[in-house]
Amino acid sequence: GRGRSVASSGGVADVTYKPVTFEEGFIFAARFAPDGRTIVYSADWDGRPRDVFVTSLDSPDFRPLGFPGADLLGISRSGELAILNGSTVTGGNPYIRRGTFARASLTGGAPRSELDRVRFADFGADNAMAVVRDDESKRTLEYPVGQVLVEIPLVKTESGPGETGLIGPRVSPSGEYVAFFDTRTTGALTVKIFDRSGKLVVSSPPFADWWDLAWAPSNEIWYSAAESGGRQTTLFGLDLKGRRRVVFRAPGALTLHDISPQGDVLGSFDHILSRVEL
């Protein structure tokens with residue numbers, strides 16, 4: 001099978017949509033640049049090798065940034081990119097990969113490699129990084145790098161390290177909180193928010209499947225989740241007091257990639273296609 005993703009940006013309040021990409025393939029991650037109109041994303045388009053691309057809400061044109069094979073992880077307020085080089089898909093889930101974390105520039109140039117065995121990363125307000133990475137025995141969420149907020153033992157399987165737990169960390173606009181998916185309990189996933197000291201602040205009600213998360217300008221974490229089996233997703237908002245609300249019920253599988261400072265939402269509607277070739 002193969003996946004087809006179409007990214008859209010629109011104000012959730014009035015639920016208007018603006019198509020951004022028109023290619024067929026898989027979008028790993030997409031982020032708004034600091035101006036709120038430039039969009040950077042990594043994707044496998046039409047069977048071509050993965051790359052990191054830049055486009056704009058003002059034009060359907062896109063161009064590669066010159067980081068072939070890289071996955072986008074995040075973008076800072078100054079426009080610096082966090083990318084994953086040499087990544088491999090683990091556990092059969094294309095959203096879960098592991099490779100070498102590097103910093104790169106929107107204007108090009110050689111990436112600067114910093115950490116190995118990284119799965120996810122995101123920039124804080126002060127350019128400090130939140131990362132999820134593995135060693136031989138454990139998986140850690142660190143923010144900043146070197147300060148462990150959460151640590152879980154690695155459960156090894158025949159195909160390698162287990163894939164559960166600590167998915168998709170995002171740092172709040174204030175830089176004081178980190179939210180992530182805790183996927184250690186099958187069918188009872190949660191969003192957790194920790195502060196910089198490692199204290200658990202909020203845990204969401206459980207749900208069945210995750211489709212990524214991002215912070216709204218109001219310091220509310222929004223996340224797309226399936227409450228039961230199937231591909232129907234709901235976009236939830238969760239505040240720092242643990243109050244959850246429904247933002248939008250999506251007509252399918254909505255992956256939430258980012259929210260701009262202006263409140264625009266960047267997402268992809270993912271269509272899973274199956275085919276048999278003889």
Main-chain N/O of H257 paired with R31 side-chain donor or acceptor, under 3.5 Å: yes
Any side-chain donor near an acceptor of the partner, S78 and E80, under 3.5 Å: no
Spacing of L213 atom CG and I259 atom CD1 [to the nearest 0.5 Å]: 9.0 Å
Expected output: side-chain S105 to main-chain G109 donor-acceptor under 3.5 Å: no
Donor-acceptor side-chain pairing of R37 and S56 below 3.5 angstrom: no
Steps toward side-chain contact (heavy atoms from CB on, under 4.5 Å) verdict (T100, L84): CA-CA 5 Å; T100 299; L84 198 64; 5.8 Å; no
Heavy-atom pair with the smallest gap, counting every atom of T55 and D61: OG1-O, 2.7 Å
Donor-acceptor under 3.5 Å (Q147 side chain, R196 main chain): yes
Parallel, tilted or perpendicular: rings of Y41 and F62 (30°, 60°): tilted
Sub-4.5 Å side-chain heavy-atom contact between L72 and F53: no
Side chains of F123 and V171 in contact at under 4.5 Å (non-hydrogen atoms): no
In one Ile/Leu/Val/Met/Phe/Trp/Tyr side-chain cluster, 4.5 Å: Y143, I152: yes
Any side-chain heavy-atom pair of L81 and R103 under 4.5 Å: no
Any side-chain heavy-atom pair of V54 and I39 under 4.5 Å: no
Atom of A226, atom of F207 and distance for their closest heavy-atom approach: O-CB, 3.7 Å
Whether S174 side chain and E176 backbone form a donor-acceptor pair below 3.5 Å: yes
Straight-line distance of T140 OG1 to L166 CG, nearest 0.5 Å: 8.0 Å
Pair V202-K192, side-chain contact (heavy atoms from CB on, under 4.5 Å): steps then yes or no: CA-CA 6 Å; V202 166; K192 286 186 167 59; over 6 Å; no
Heavy-atom check, side chain of F67 versus side chain of P111, under 4.5 Å: yes
Ring centers of Y95, F26 separated by less than 6.0 Å: yes
Salt bridge (Lys or Arg N to Asp or Glu O under 4.0 Å) between E227 and R249, worked out: CA-CA 11 Å; E227 295 182 272; R249 295 198 184 277; 3.5 Å; yes
Validation row: F194, V150 side chains within 4.5 angstrom (heavy atoms): yes
Trace of the side-chain contact (heavy atoms from CB on, under 4.5 Å) decision for R112 with F101: CA-CA 9 Å; R112 304 180 304 280; F101 160 69; over 6 Å; no
S224 side chain to L254 backbone, donor-acceptor under 3.5 Å: yes
Flag for Q262-S260: side-chain donor and acceptor within less than 3.5 Å: yes
V191 side chain reached by W210 side chain, heavy atoms, under 4.5 Å: no
V145 with I83, same ILVMFWY side-chain cluster at under 4.5 Å: no
Least distance between heavy atoms, F32 atom then L266 atom: CE1-CB, 3.5 Å
P34 side chain reached by I75 side chain, heavy atoms, under 4.5 Å: yes
Passing option when D134 is tested against R139, R97, R117 for salt bridge (Lys or Arg N to Asp or Glu O under 4.0 Å): R139
D182-T190 side chain donor-acceptor pair, cut-off 3.5 Å: no
Under 3.5 Å donor-acceptor, N85 side chain and A70 backbone: no
ILVMFWY network linking I193 to L200, side-chain heavy atoms under 4.5 angstrom: yes
Within residues 199-208 or reaching into it, pairs that qualify as side-chain hydrogen bond (donor to acceptor under 3.5 Å, both in side chains) - sequence neighbours excluded: none
Straight-line distance of D51 CG to L65 CG, nearest 0.5 Å: 7.5 Å
Side-chain donor/acceptor of Q232 to backbone N/O of A250, under 3.5 Å: yes
Distance (rounded to the nearest 0.5 Å) between F22 CZ and W45 CH2: 10.5 Å
Intermediate values then yes/no, side-chain contact (heavy atoms from CB on, under 4.5 Å), M129 and E142: CA-CA 8 Å; M129 297 301 305; E142 304 171 25; over 6 Å; no
N/O donor-acceptor pair under 3.5 Å between Y223 side chain and W215 backbone: no
Heavy-atom donor-acceptor pair, T233 side chain to A225 backbone, under 3.5 Å: no
Interatomic spacing from CZ in F28 to CD1 in I96 - rounded to 0.5 Å: 9.5 Å
Path from L73 to V131 over hydrophobic side-chain contacts below 4.5 Å: yes
Least distance between heavy atoms, T255 atom then D212 atom: CG2-CB, 4.0 Å
P173 versus A216, closest heavy-atom pair with distance: CG-O, 3.8 Å
Donor-acceptor pair, side chain of R98 and main chain of V89, under 3.5 angstrom: no
Distance-only donor-acceptor check, side chains S87 and D71, under 3.5 Å: yes
From L238 atom CG to R244 atom CZ, the distance as rounded to the nearest 0.5 Å: 8.0 Å
Same cluster (ILVMFWY, side-chain, under 4.5 Å), I221 and V178: yes
Shortest non-hydrogen contact from N219 toward S172: OD1-CB, 3.6 Å
Ring centroid separation F120 to F180 under 6.0 Å: no
